[in-house]
Amino acid sequence: MTDLPTDLTRATAAVLAEALASKTISSVELTQAHLDRIEAVDGAVHAYLHVDHEGALAAARGIDDRRSSREALGVLAGVPIAVKDVMATRGLPTTCGSKMLEGWIPPYDATVVTKLREAGLPILGKTNMDEFAMGSSTEHSAYGPSHNPWDLERIPGGSGGGSSSVLASFQSPLATGTDTGGSIRQPAAVTATVGTKPTYGGVSRYGLVALASSLDQAGPCGRTVLDTALLHAVMGGHDPMDSTSIDAPVPAVVEAARRADVKGLRIGVVKELGGEGYQAGVRSRFEESVQLLVDLGAEVVEVSCPNFEYALAAYYLILPSEASSNLAKFDAMRYGMRVLPEGVDAPSAEQVMSATRDAGFGPEVKRRIILGTYALSSGYYDAYYGSAQKVRTLIAQDFDAAFGQVDVLVSPTAPTTAFKLGDKLDDPMAMYLNDIATIPANLAGVPGMSLPSGLAEEDGLPVGFQILAPAMQDDRLYAVGAALEGALTDRWGGPILDGIPDLPSAGAAGSSNAKGA
Ligand code: GLN
């Protein structure tokens with residue numbers, strides 16, 4: 001067993017799970033250590049929208065009691081977790097990063113949350129996100145952005161930047177995310193953490209605030225490939241409450257992560273995802289990782305997916321179309337906010353709806369609702385939505401052809417390292433381009449993972465490496481990811497995240513943000 005660090009918040013979930021099982025530590029002690037860490041650093045990071053001190057400690061006490069009475073518990077029982085605020089949590093606020101849902105306390109749990117509770121993971125709190133999961137930086141959160149723990153002036157990725165920054169600032173060993181176009185993988189890339197978008201239908205969507213139902217996929221976030229696999233195994237599986245849920249066992253992700261083997265595997269470098277438009281340091285870290293895979297015994301070839309070029313355009317028709325329809329339910333009658341129009345004596349339902357949607361939705365959400373409504377309107381439907389769906393089919397065919405030649409595909413996760421907060425806020429196109437490499441997987445429903453591949457030489461910031469596999473072969477992501485992670489740990493002399501600077505701590509006045517070891 002790997003040694004348990006004195007600071008429990010620095011340990012991996014796998015190590016913590018062993019320490020809990022052997023009663024070296026208690027879940028209460030571990031949960032309290034994370035609550036203390038949140039207290040100390042979240043003022044600077046702003047990763048959490050809501051922290052549930054009492055609920056987390058009560059859950060931890062419950063697990064400790066059950067362990068004392070020798071009950072058989074799940075592997076991760078007692079390991080705390082942070083939950084993206086897109087997931088309904090009974091009794092805990094769920095805002096989805098929007099004013100529209102401010103103060104909403106769901107009367108039920110999302111299936112994923114039920115699974116976490118049943119597996120005994122205390123929920124520390126809810127993590128920040130771009131409003132309704134639209135964005136790549138958390139700057140569209142109605143509650144203000146999260147900050148990248150590598151450099152507090154930079155974005156932690158989005159939409160799930162709360163979950164990635166929680167992990168990179170050691171405020172939780174595990175977190176959940178959702179990935180509609182990259183919201184698990186791109187935040188992982190820019191923070192040197194790990195995130196997986198499972199096969200579409202592999203993890204239940206029941207109880208998630210829907211963005212684009214044909215693309216949305218919940219998935220696990222962690223600091224190592226094995227931790228992410230352990231969480232994937234808890235979150236995944238068939239759910240009769242979600243009509244698109246796959247009725248098959250969760251792929252053997254934990255076994256694959258432990259196997260960590262690429263010998264004889266055929267790996268395809270996607271020609272269209274890389275090169276021009278990708279930062280030099282992103283490209284060099286990518287090439288270095290590919291070489292490490294070759295050294296480990298994989299066979300690497302270049303593969304062309306010509307229709308990926310149209311993925312972004314198709315996505316930004318399909319996503320707004322589905323989003324405009326999903327967000328129609330925020331009508332001021334059923335959920336959350338209700339605003340009465342000013343100066344109207346007896347306002348009609350339409351007037352209340354319009355005043356509420358005007359006040360409750362932020363500019364990015366409005367932009368996409370307008371785009372989607374336009375794309376779906378009669379006379380334009382075939383030209384826009386219909387064409388985008390055809391492109392989607394072509395992209396799925398590109399994947400089929402590629403997976404006829406290779407076992408997995410690889411690319412950089414994002415074209416650049418973390419940019420500065422504010423840099424792309426007024427330029428939606430520039431923001432959308434962050435997901436150029438992640439979107440094809442959502443359009444085709446195939447699984448993808450991002451893991452850290454090192455730091456770019458020009459700015460010292462993390463770079464993500466993306467692995468894509470055929471549907472229901474999620475285990476391949478973990479076998480390749482864990483093998484590469486091992487080689488990269490040797491290359492960097494330890495986990496890449498160890499290079500992160502110390503954060504200013506609220507408790508230690510005057511402590512500097514000096515570069516750590
Ligand atoms: N950044 C992408 C978007 O803005 C992806 C969002 C997501 O995956 N939820 O749509």
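Remember, it's a predicted structure, so these values are computed and weren't measured experimentally.
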Evaluate the side-chain proximity of [Y] to [X]: yes if any heavy-atom separation is below 4.5 Å, no if none is.
| X | Y | value |
| --- | --- | --- |
| L273 | L409 | no |
| Y200 | T244 | yes |
| P198 | P220 | yes |
| S165 | H147 | no |
| P462 | P452 | no |
| V253 | T228 | no |
| L8 | Q32 | no |
| M429 | K424 | no |

Greater than 12 external heavy atoms within 6.0 Å of [X]'s [atom1]:
| X | atom1 | answer |
| --- | --- | --- |
| M241 | CE | no |
| K420 | NZ | no |
| E153 | CD | no |

Verify the distance criterion only: is there a donor paired with an acceptor across the side chains of [X] and [Y] at less than 3.5 Å?
| X | Y | answer |
| --- | --- | --- |
| E322 | S213 | no |
| T89 | T94 | yes |
| T127 | S163 | yes |
| K84 | S159 | yes |

Next on the checklist: Going by side-chain hydrogen bond (donor to acceptor under 3.5 Å, both in side chains), T180 matches just one of T438, D435, D216, N442. Which one?
Outcome noted: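 Answer to the side-chain hydrogen bond (donor to acceptor under 3.5 Å, both in side chains) test with T180 among T438, D435, D216, N442: D216.
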Checklist entry - What residue pairs, at least two apart or across chains, pass salt bridge (Lys or Arg N to Asp or Glu O under 4.0 Å) with a residue in residues 156-168? => result none
Next on the checklist: Restricting to salt bridge (charged side-chain N to carboxylate O under 4.0 Å, His left out), what partner residues turn up for D109, sequence neighbours left out?
Outcome noted: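 Result, salt bridge (charged side-chain N to carboxylate O under 4.0 Å, His left out) vs D109: R90, R117.
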Checklist entry - Do the ring planes of Y478 and H232 sit parallel (below 30°), tilted (30 to 60°) or perpendicular (above 60°)? => result perpendicular
Checklist entry - What class does the angle between the rings of F361 and F330 fall in, given that below 30° is parallel, 30 to 60° is tilted and above 60° is perpendicular? => result perpendicular
Any salt bridge between [X] and [Y], counting N to O under 4.0 Å?
| X | Y | result |
| --- | --- | --- |
| R259 | E255 | no |
| E118 | K115 | no |
| R205 | D239 | no |

Check whether [X] reaches the backbone of [Y] with its side chain - one donor and one acceptor, N or O, closer than 3.5 Å.
| X | Y | value |
| --- | --- | --- |
| D179 | G182 | yes |
| Q186 | G157 | no |
| R223 | A11 | yes |

Checklist entry - Going through the distances and angles, do S27 and R67 end up as a side chain to side chain donor-acceptor pair (under 3.5 Å)? => result CA-CA 10 Å; S27 179; R67 204 182 302 275; over 6 Å; no
Item to check | For L371 against P320, the heavy-atom pair lying closest together | outcome: CB-CB, 4.0 Å
Less than 3.5 Å apart, which donor and acceptor atoms pair up between the side chains of residues 46-58 and the rest of the protein, not counting sequence neighbours?
{"residue": "H46", "atom": "ND1", "partner": "P145", "partner atom": "O", "Å": "3.0"}
{"residue": "Y48", "atom": "OH", "partner": "Q171", "partner atom": "O", "Å": "3.0"}
{"residue": "D52", "atom": "OD1", "partner": "G55", "partner atom": "N", "Å": "3.2"}

